[in-house]
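The first residue in the sequence is number 1, and the count goes up from there.
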Amino acid sequence: RLSPERFGMRLNEIKTICQRLIDDGNTDFLDLSLWDYAKRPEDEQFQHQSLLEHFTSLDRGQVRLTVAGRIRDGRSVHEVLNAGVDFVSVGQSAILHHDFPARVLEDPGFTPVTTPVTREYLRGEGLGEAFIDYLGMWDNFVEDSNAV
């Protein structure tokens with residue numbers, strides 16, 4: 001998994017690394033964490049395209065591309081796939097709905113429940129107590145996060 005921004009990463013360097021991984025012939029897929037698939041790069045010289053477009057425009061050959069970053073509902077799943085991504089990585093929505101992919105297949109406009117949610121809701125989705133405690137540290141995710 002590569003992140004093109006944050007943690008000292010530079011977009012042009014990550015694109016170069018991706019192209020090298022593609023060209024070396026030993027890579028099956030690239031996993032990119034964009035933080036927000038729809039945002040423009042922080043570096044002004046690259047803002048003519050979204051982060052997503054910077055990577056879908058690479059000459060990938062047979063290398064598959066997966067993207068993560070605020071892909072939270074059916075609309076965003078389809079938008080990313082239609083942009084040329086081979087598969088999406090879903091975080092928050094898959095936590096909120098254990099069957100998120102099936103729901104999006106059934107209803108392309110599916111929208112997850114809004115947060116915060118209760119600990120009971122998360123238990124009902126199959127989450128364990130340790131993970132629920134961890135999620136309680138996320139802003140506005142677990143409704144009763146102080147009641148451990």
Side-chain angles (χ1 to χ4, degrees), residues 1-118 121-122 124-128 130-143 145:
R1 174 169 269 188
L2 298 169
S3 295
E5 296 185 314
R6 297 188 183 178
F7 310 113
M9 300 291 115
R10 297 179 189 273
L11 177 59
N12 60 334
E13 292 174 355
I14 295 299
K15 286 176 66 174
T16 298
I17 289 169
C18 287
Q19 196 63 61
R20 284 183 185 165
L21 290 169
I22 292 165
D23 294 344
D24 76 9
N26 294 316
T27 301
D28 294 319
F29 71 94
L30 293 172
D31 182 4
L32 297 171
S33 177
L34 303 181
W35 299 95
D36 181 347
Y37 78 92
K39 77 180 278 294
R40 297 284 172 172
E42 293 174 11
D43 189 332
E44 288 183 20
Q45 68 177 321
F46 298 108
Q47 290 182 350
H48 62 281
Q49 292 179 302
S50 69
L51 277 176
L52 181 62
E53 291 168 321
H54 276 281
F55 292 97
T56 57
S57 65
L58 291 174
D59 181 11
R60 296 195 323 263
Q62 298 299 311
V63 175
R64 302 289 184 145
L65 178 63
T66 182
V67 170
R70 293 191 191 269
I71 303 168
R72 295 189 174 163
D73 55 24
R75 182 199 55 78
S76 58
V77 166
H78 290 285
E79 187 173 330
V80 170
L81 292 173
N82 290 335
V85 172
D86 297 294
F87 48 103
V88 297
S89 297
V90 180
Q92 180 174 315
S93 295
I95 293 170
L96 293 170
H97 298 280
H98 70 277
D99 57 350
F100 179 78
R103 289 179 183 236
V104 171
L105 286 172
E106 183 178 308
D107 174 9
F110 176 73
T111 301
V113 298
T114 58
T115 56
V117 294
T118 64
Y121 177 85
L122 294 171
E125 289 298 313
L127 278 65
F131 191 47
I132 295 171
D133 290 344
Y134 167 74
L135 294 173
M137 295 186 291
W138 292 12
D139 287 339
N140 202 37
F141 197 85
V142 180
E143 185 174 282
S145 62

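- Under the 3.5 Å distance criterion, the side-chain polar atoms of Tyr37 are left unmatched by any main-chain donor or acceptor of Val77.
- Closest non-hydrogen pair, Gly136 versus Val142, comes out as N-CG2, 3.7 Å.
- Considering every non-hydrogen atom in both Arg72 and Pro112, the closest pair reads O-CG, 2.8 Å.
- Here the CG atom belonging to Leu30 is positioned 5.0 Å from the CD1 atom belonging to Ile22, to the nearest 0.5 angstrom.
- The heavy-atom pair separating Val85 from Thr56 by the smallest distance is CG2-CG2, 3.9 Å.
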If you look only at distance, which donor and acceptor atoms sit under 3.5 Å apart when one is on a side chain in residues 64-71 and the other is two or more places apart or in another chain?
from, atom 1, to, atom 2, distance (Å)
Arg64, NH1, Asp86, OD1, 3.4
Thr66, OG1, Phe87, O, 3.0
Thr66, OG1, Ser89, OG, 3.1

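- Taking the side chain as every heavy atom from C-beta outward, Phe55 and Pro4 approach each other to under 4.5 Å.
- For CZ of Arg20, the number of neighbouring non-hydrogen atoms (other residues, nucleotides, ligands) closer than 6.0 Å is 12 at most.
- A side-chain donor-acceptor contact under 3.5 Å links Glu5 to the backbone of Glu42.
- Among all heavy-atom pairs drawn from Cys18 and Leu58, the shortest one is CB-CD1, 3.8 Å.
- The aromatic rings of Tyr134 and Phe131 sit parallel to each other, their planes meeting at less than 30°, with 60° as the upper class boundary.
- Heavy atoms only, all atoms of each residue included: Phe29 and Val63 are closest at CA-CG1, 3.9 Å.
- The shortest heavy-atom contact between Ile14 and Met9 is CD1-SD, 3.7 Å.
- Contact annotation: the side chain of Ile95 never approaches that of Glu125 to less than 4.5 Å [non-hydrogen atoms, C-beta and beyond].
- Remark: side-chain polar atoms of His97 are not paired, donor with acceptor, to backbone N or O of Thr111 under 3.5 angstrom.
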### Message
As a quick check of understanding, evaluate side chain to side chain contact (heavy atoms under 4.5 Å, CB included) for His54 and His48, giving each step before the final call.
### Response
CA-CA 9 Å; His54 276 281; His48 62 281; 3.9 Å; yes

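- Around the CG atom of Asp139, the shell of radius 6.0 Å holds no more than 12 heavy atoms that belong to other residues, nucleotides or ligands.
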